[in-house]
Amino acid sequence: MRAREDGTAGFDLSENDIIAIVRDITATATDTTFNTLEWIMSELMKNPNVMAKAQTEIRQIAGKKTMVTEDDLNQIEYIRAVIKEAMRLHPPAPVLVPHESTTTVIIHGYEIPPKTKLIVNAWAIARDPQSWEAPEEFRPERFLGSEVDFRGNDFQFIPFGEDRRMCPAINFAMVTIELAIANLLYSFDWRLPGRDLDMDEGVGLSVPRKNPLYLIATKF
Ligand code: HEM
């Protein structure tokens with residue numbers, strides 16, 4: 001706002017531009033990260049064996065530290081697999097972001113003209129039984145010792161997109177998520193206030209839980 005008022009922005013910055021920037025920050029950064037954290041915790045509550053293994057891993061790595069810090073993260077092999085598996089089942093942007101073709105391309109004999117809107121269903125791709133064994137099951141072990149990653153080279157798993165417009169914040173987002181989850185699992189034990197936990201999806205560009213996740217934390 002100040003840059004707009006004193007002219008130091010160097011370009012016209014309208015109210016609409018500012019609204020768009022704020023929406024960009026919330027939609028691309030905050031919502032994706034927050035929703036991912038909530039789905040990871042939901043899957044862990046549904047899968048107590050996985051929760052136990054993840055907690056054992058981080059408690060062995062961090063030892064008696066007050067908090068998990070970034071230098072611990074290069075050792076969290078199992079938790080990283082948990083995060084990947086949660087992102088496979090709940091990609092924060094299930095249909096990525098619409099793209100537009102610039103030239104004529106032929107795909108499987110179909111001619112796609114320029115300026116065609118392309119919407120990629122990353123959600124369906126990540127549950128395709130041709131690529132994934134038991135795709136509906138939450139099995140972090142599938143990523144242990146596997147080369148499959150989300151950096152855009154493995155087309156069966158593209159939560160961050162897969163081309164030149166893929167998420168520019170992939171490294172920042174992953175460190176944020178790893179650090180948050182590792183600390184939640186390190187410092188607390190978790191239980192549900194009730195007996196059951198639904199996994200219904202809400203609506204949004206980044207898909208949230210339909211109902212909020214309420215958990216009871218006990219200091220470890
Ligand atoms: C779990 C976390 C995140 C996921 C899964 C995610 C995923 C994505 C996806 C799928 C796209 C669209 C790629 C495409 O066009 O095909 C995207 C774009 C983008 N993301 Fe992320 N994102 C995450 C976190 C973040 C964070 C934390 C930031 C910023 C700090 C961010 C900034 C952006 C921006 C600016 C774009 C638009 C890039 C462009 O101009 O095309 N993202 N992200």
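Everything quoted here is computed from the prediction, not taken from an experiment. As the structure lists them, so they are numbered: ligands from 1, and atoms in each ligand from 1.
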Under 4.0 Å from a heavy atom of [X]: which atoms of ligand 1 are those, numbered in the order shown and with their elements?
| X | value |
| --- | --- |
| Ile177 | 1 (C) |
| Leu96 | 10 (C) |
| Val97 | 12 (C), 15 (O) |
| Pro159 | 5 (C), 7 (C), 10 (C) |
| Thr33 | 27 (C) |

Please list, chain by chain and in numerical order, all residues satisfying side chain to side chain contact (heavy atoms under 4.5 Å, CB included) with Lys219, sequence neighbours excluded.
Ser187, Phe188

Any donor-acceptor pair under 3.5 Å from Glu57 side chain to Tyr78 backbone
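Between the backbone of Tyr78 and the side chain of Glu57 there is a qualifying donor-acceptor contact (under 3.5 Å).
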
Would you say Lys117's side chain and Pro98's backbone share a donor-acceptor pair under 3.5 angstrom?
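A pair under 3.5 Å: no.
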
Salt bridge check: are [X] and [Y] linked by an N-O gap of less than 4.0 Å?
| X | Y | result |
| --- | --- | --- |
| Glu77 | Arg80 | no |
| Asp189 | Arg59 | yes |
| Arg142 | Glu85 | yes |

Could you check if a side-chain atom of Asn35 sits within less than 4.5 angstrom of a side-chain atom of Val207, using non-hydrogen atoms only?
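A side-chain contact under 4.5 Å is absent here.
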
Nearest protein heavy atom to atom 16 (O) of ligand 1, by residue and atom, and its distance?
His99 NE2, 3.0 Å

Got an N/O contact under 3.5 Å between Thr36 and ligand 1?
no

What do we get for Glu162 next to ligand 1 when only non-hydrogen atoms under 4.0 Å count, side chain, backbone, both or neither?
neither

Leaving waters out, which protein N, O or S atoms fall under 2.8 Å from atom 21 (Fe) of ligand 1?
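Counting only protein N, O or S atoms under 2.8 Å from atom 21 (Fe) of ligand 1, the list reads Cys167 SG.
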
Between Phe150 and Phe160, what is the ring plane arrangement, given parallel below 30°, perpendicular above 60°, and tilted in between?
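Rings of Phe150 and Phe160: perpendicular, as their planes differ by over 60°.
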
Checking Asn121 against Arg127: is there a side-chain donor and acceptor pair closer than 3.5 Å?
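Note: Arg127 and Asn121 side chains miss the donor-acceptor criterion.
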
Lys/Arg cation over aromatic Trp39: Arg209, 6.0 Å, 45° cone
yes

